[in-house]
Structures are given as C-alpha cells and as structure tokens.
2 protein chains.
Amino acid sequence: MGVGVGQILSRIENVLPKLTKSEQKVARFVLEAPDEAMFMSVQEMASRSLSSSASVVRFCRSIGLKGFPELKVALSADLAQGQKTGYFDLNKNENTTVLVDKILSNVIQSLKDTVGQLDVEMIEKVAHSLYKAPVIFAYGIGASALVAEDIAQKWLRMGKNVYAFHDIHVLTMSMANAPKGSVFIGISYSAATKEVLQLMKFAQKSGLTTVSFTGFGRSELSDISDFNLFTSLAPEAKVRSAATSSKHSQFFVVDVLYYAYASININDSIDKITRTRKATNELKNLSET
Amino acid sequence: MGVGVGQILSRIENVLPKLTKSEQKVARFVLEAPDEAMFMSVQEMASRSLSSSASVVRFCRSIGLKGFPELKVALSADLAQGQKTGYFDLNKNENTTVLVDKILSNVIQSLKDTVGQLDVEMIEKVAHSLYKAPVIFAYGIGASALVAEDIAQKWLRMGKNVYAFHDIHVLTMSMANAPKGSVFIGISYSAATKEVLQLMKFAQKSGLTTVSFTGFGRSELSDISDFNLFTSLAPEAKVRSAATSSKHSQFFVVDVLYYAYASININDSIDKITRTRKATNELKNLSET
DNA sequence: TAACTTCATGTAATATTATTTCAAAAAAAT
DNA sequence: ATTTTTTTGAAATAATATTACATGAAGTTA
C-alpha cells in the first residue's frame, strides 16, 4: 500500500535536516511544488531541483519509499486527502455524540503526529537490540505502567524473557545480574518521572542497553539513554484529554516496534506466536475435561 | 483540477460497457483491487488481469488518461479521498515505513468502526451505574487485563473505589461482600474467556450490576450481563494485527466512558482530578527534600 | 458458406524512464 | 597535511511503458 495514510509531506519535513545536501534540494522542491512533482519523471525532477537523477532516487529511499514511482503515488494521496483531524477541547455539558467525535479526532491526530515524526531507523535499531537481548526490562509508573505491561505481554508471546516489575527493588536486583546485551526500557510520557530516571541511570551503570520512551523533545532521560523512542506531544494546555491520546500513541509505537521485531525473523516469530496460541487453547481444553 | 484527481474509479465503472473485451478485464481488475493496482507495473497488471500490456495501456487511454503512470496517481488520489483507511494485512519482509502506515490505518479503521456502532445511550447508562456504584470491579485476562487496569487508574483518579484484581479468588471474596449497586465489568474481546464468564455469573448471583465489554456480536457473556459495551470486530482472518487494533478500540471506549462519567457532575470531577494531580506533585516534592 | 472488411488482441520491437555503478570531488577525521 | 569516509553526478544498465505490427476473431456482404 505505500504511504496510504498520507503524511509523506510532513515526513519529508521531519527528515529534511538528516538528508544530504543534494537530497535536501530535492526535498525542498517537492515540498514547494508537490502538485507538479506528482507528474514528473526522475530526470525532470532532477533538473528542476538542480540535482541529479541519482539523488532523486536516493531521496526517495531516504524518506522510506521503495523508489521514485512510489513518491508520486504518495504525493497524490497526500494532496487528495488534505488535513481533516485536529485537536479539540472537551467542554462542559457536552452532548455525548459530540464527545465521541472529539475524542476520536484527538486520538487520530495524536497518532498521525506520532507517525509524522517517527524515526524508522531508530525503531529498527531498537528492534535489533531487543532481538539480541537475553533479557528485557520495561518500567513505567501510572499509565506508563500499562505500556510496560503491554511490552511484557507482547514479547513473552515471542518467547523472550521480559519483566515489567512494579517493584523498584526487585527490578534493581534483577538488572544488577542481567547478562550482557540486556535491555532496559524506561517509559515516561512526561520524561520527568524520578523513578524512571533513577532506574535508567542504574541500568546504564550495570552495562545494560537503555531505551527511553517519552513524549517528543530532549530531556535528561532521553539524553542519557542509548536509544530514544518518541511519541507526539499533545498540546496539553489546550486539551484536557492529553493523557488519553498520549496513551494511544505510546501503545502505537509499541505495536510498531513489535512488528518490526517480528519481521527480523518472520518465520520464527510466526512459529512462536502460533505455539503461544496453541498453549492458550490447550489450557482451556484441559480445564474443561 | 488536473488529470486524475476526479473520481477515477467511478469513471471506470461508467465507461466499462463501452470498453473492448480485454480492456474490460483490466477495468474489472482495477475496480477489484485498486490498492494493489496502485503499485503495479504494466506487465504485472497485464498478467494479473489476464490480458496484455498493450491492452493495459489502451485501457488507460480509454478512460481519458495520458498513460499508465497516471493511472497510479489517479487511483492513489481516489483512494486517499474516499475511504481514507481500511484494514490491511501485514506481509513478510515489509518495509518498516509501509508497516507503520498499515498499522496506523488498521488502528484508525478499527476506531472508526467502533465509533460507528457505539451505542451512546448505553454508554450513558453505564456511566450512571458507575456513578452510583459504591465499588467497581473490573476483570480481564491478557490484553484485557490492561484495560481493566486502565479502568482502575481512571476511576481511582476520580475518587472511586475500583479494583482490578488479577486473582480470581480475591476478586470473588470482594464481590461476595460488595454493597448494593456495585458494578462488575467483565472484559473479553473474544467474549469466550472462561474466567470472565464465571465471574460474570458470580457477580450476577451476588446482586452486582454487570457490564460486559466485548467484541461486537452476541455471546453468552453479553447475553447475561445487564449492560453491554461493544468494540469493533477486526476481520481477524485477514489481519494478523487484530490484537493490536482491538486494544486501541477497547481503550477508546474506556476513554469515552470516562468522559461521559466525568460530565455527569463536571465540576466535582474536575475538583477530584485536580486534587489527584496535586497529590502526585506533592509526593514528588516530599521526596526531594 | 466463402470472401472480404473491420476491429481487437498479444507479441515483439522500441522508446522512455528508473536504478545502479563507479570514479571523481567534497567533507570529515586523523 | 594526509587519509578515510561520504557525497555526488555522469554514464551504464535494468526496468518499465509505449508503439508497431502481424495474426486472428467477429462481423458483413454476396
């Protein structure tokens, strides 16, 4: 399907600083005249953007597409779609139907924003770290504890050793003895949770690979961790439902990470998941007899 | 607007009877799988539609396009404009960027479907039951346990007595002595989890108000409960990411329920949430000194 | 039904377009 | 200042789209 849900333009904007000089030329041209770009050939775009056809193709790869033709398709979808969702405030005495629409809109916008600035390479790197890790630890407090739990459930299903302890002391003890290559994932939407920061430092000291999972933007937590996963930052001041949308975004990133992980060795993954399912059914049958 | 940004699919339908036999083959193929067609080469489409590459090109001309590449662009625009999202299968060796878009699309579609068949009155009824309940119990297994936890966290924040025990025996004991008007929420996306059904029956027997929270469709669980909350049923067979999308839908319904609940007595709710926040901050400060 | 005409069709040749390779240039690192 | 790495575009190659054309089917006329 390509970039079906649009957002190619915002993705280009996001990766722009990471591109090479001549790729940036192409990027700027596309951002300026996507409607023209849509119908151009590689060579045409190369000359219009004062670069080369090779750079145009490289640009397409850099923004995560398979090739040039996909760029046209993606642009077309993006332009046709326009922007429809946005953040809405929830008012007093709201009609429930309106409420539902607003919450939906907020969640979708938050997800789209998260996708817009998702660092695909980072996802892949983290997925590989997890793949090699003998043990995985995930920790978060409050709503982030649910995310940690979700991580645990998902990777257990894949046959991994994952722990989402709530008890800091138990977690500390486990990490102190974790084998090399083990990973600690510290989850805090605000990036300001003291406990998570403490544990992150401890994990680092103990030689674990560390992953921070926070709302967008630099923070001490993201600075000191080896890898960073970000979710979009809802305009908190405006929307009281921030906690709600942010949770969806966090779960979404976990979903993505999970599938990225699974596709490292897809057949093995499918095997393991199938075995897990069978086990669940078996348990059911055993209790019935 | 330029070429192709119209309703290319309906144009194809319109001219279909006027096309030659082999052009019709192409047309039917495109109508059936526009999302696939979007990324094909001429030769691929020729073989898939059991025609020839020449016929494919002739077809493009016949529907008023300049050539084959324009068909892709037009289809992309059409699909993006129309049903923006849909359910997509995740394939092996998927490019991560494409993966992200597919997951996003699946989640959004699942949310939209859930909203589509959400019974607003039912939400309000359940919200009122919760409002009057002296104690609330939520129970689910696996991914549904996360939902139960989420419910607990949300209503604790509103000053309610909520329990999301994992231990069936503890839960049973608590419910046996629960005051009148207490509510039990049984969560099972499949509606087939034995434990949830058992507890639902027990809750009923103990005189609690019961709420089932399942995937759409009748089930024993939903039949015996006083109120039913449904989430959309993803086409499981097609999408391996079902568990993923369904979780989002479930959390979404909880969000809606939460805001519906809060708006029953909005000022009181805001007070309580504010107090909860202050408490969290205070704890932080206390540990810093 | 045979002979002719028209139109539809797929194959193969050709033209166009996308992609890769590679050597040179530029930028970083040492 | 020298080496290494990265970036770059020209040119070669691969892939893809388009066209030309021969063949055969369907229709028409005698």
Side-chain angles (χ1 to χ4, degrees), chain A residues 1-3 8 12 15-30 33-77 119 121 124-125, chain B residues 2-4 8 12 15-30 33-77 93 95 97-98:
Chain A
M1 76 177 267
V3 186
I8 192 74
I12 294 174
V15 302
L16 196 122
K18 287 185 182 174
L19 300 174
T20 67
K21 227 192 270 179
S22 70
E23 278 174 51
Q24 288 192 3
K25 284 194 216 166
V26 181
R28 279 198 213 92
F29 174 77
V30 172
D35 50 321
E36 288 182 68
M38 208 152 77
F39 293 103
M40 285 183 177
S41 70
V42 178
Q43 358 270 352
E44 200 177 349
M45 189 177 289
S47 76
R48 287 287 301 275
S49 64
L50 304 171
S51 66
S52 65
S53 57
S55 293
V56 171
V57 174
R58 280 193 284 259
F59 161 76
C60 294
R61 299 269 155 77
S62 296
I63 60 173
L65 302 174
K66 236 172 59 196
F68 180 76
E70 278 196 4
L71 176 67
K72 297 180 175 186
V73 172
L75 283 174
S76 175
D119 185 339
E121 270 182 53
E124 286 167 353
K125 279 185 202 163
Chain B
V3 191
I8 195 73
I12 294 174
V15 302
L16 195 122
K18 288 183 182 174
L19 299 173
T20 68
K21 225 193 271 179
S22 70
E23 278 174 51
Q24 287 191 6
K25 284 194 217 165
V26 181
R28 278 199 214 90
F29 175 77
V30 172
D35 51 320
E36 289 182 65
M38 211 151 79
F39 294 101
M40 285 183 178
S41 69
V42 178
Q43 359 269 354
E44 200 178 347
M45 189 177 290
S47 76
R48 288 286 302 271
S49 64
L50 303 172
S51 67
S52 66
S53 57
S55 294
V56 172
V57 175
R58 281 193 282 261
F59 160 76
C60 294
R61 299 270 154 77
S62 298
I63 60 174
L65 301 174
K66 239 172 55 197
F68 179 77
E70 277 196 4
L71 176 67
K72 296 180 176 187
V73 172
L75 283 175
S76 176
N93 302 322
N95 171 301
T97 306
V98 176

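Keep in mind that what you see is a predicted model, and the values were worked out from it rather than measured. Basis for what follows: all heavy atoms, side chains included, without hydrogens, waters or symmetry-related copies. Throughout, a chain's letter reflects where its sequence line sits, starting with A, and its residues are numbered from 1.
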A quick test of your reading: do over 12 heavy atoms of other residues, nucleotides or ligands sit less than 6.0 Å from CD of A:E121? no
Separation of B:F59 CZ from B:S22 OG (nearest 0.5 Å): 11.0 Å
Hey, what do you get for CZ (A:R28) to OG (A:S51), rounding to the nearest 0.5 Å? 11.5 Å
Provide, to the nearest angstrom, the distance between the [atom1] atom belonging to [X] and the [atom2] atom belonging to [N].
| X | N | atom1 | atom2 | result |
| --- | --- | --- | --- | --- |
| B:L65 | D:dA17 | CG | P | 14 Å |
| A:K66 | C:dT20 | NZ | C1' | 17 Å |
| A:K18 | D:dT6 | NZ | C1' | 18 Å |
| B:M45 | D:dT18 | CE | P | 11 Å |
| A:R58 | C:dA18 | CZ | P | 16 Å |
| B:F68 | C:dT17 | CZ | P | 15 Å |
| A:F39 | C:dT17 | CZ | P | 15 Å |
| A:E44 | C:dA18 | CD | C1' | 14 Å |

Student check: side-chain heavy atoms of A:L65 and A:I8 closer than 4.5 Å: yes
Ignoring hydrogens and angles, tell me if any N or O in the side chain of A:K25 forms a donor-acceptor pair with the backbone of A:L50 under 3.5 Å. yes
Report, one pair per line, the protein and nucleotides 22-28 of chain D atoms (nitrogen or oxygen only) whose separation is under 3.5 Å.
none

B:K25 vs A:S41, nearer the 5' end of DNA chain C by closest nucleotide: B:K25
side-chain N/O [X] vs [N] OP1/OP2, d < 4.0 Å:
| X | N | value |
| --- | --- | --- |
| B:T20 | C:dA8 | no |
| B:S22 | C:dT9 | yes |
| A:S55 | D:dT7 | no |
| A:R61 | C:dT20 | yes |

Candidates [options] - which lies nearest the side chain of [X]:
| X | options | answer |
| --- | --- | --- |
| B:A54 | D:dA20, D:dA17, C:dT19 | D:dA20 |
| A:K72 | D:dT16, D:dT18, C:dA18 | C:dA18 |
| A:S53 | D:dG9, D:dT18, C:dT19 | C:dT19 |

Non-hydrogen atoms of A:S49 and A:V26 that approach each other most closely: OG-CG2, 3.8 Å
Could you go through the side-chain contact (heavy atoms from CB on, under 4.5 Å) check for A:R58 and A:L19 one step at a time? CA-CA 10 Å; A:R58 280 193 284 259; A:L19 300 174; over 6 Å; no
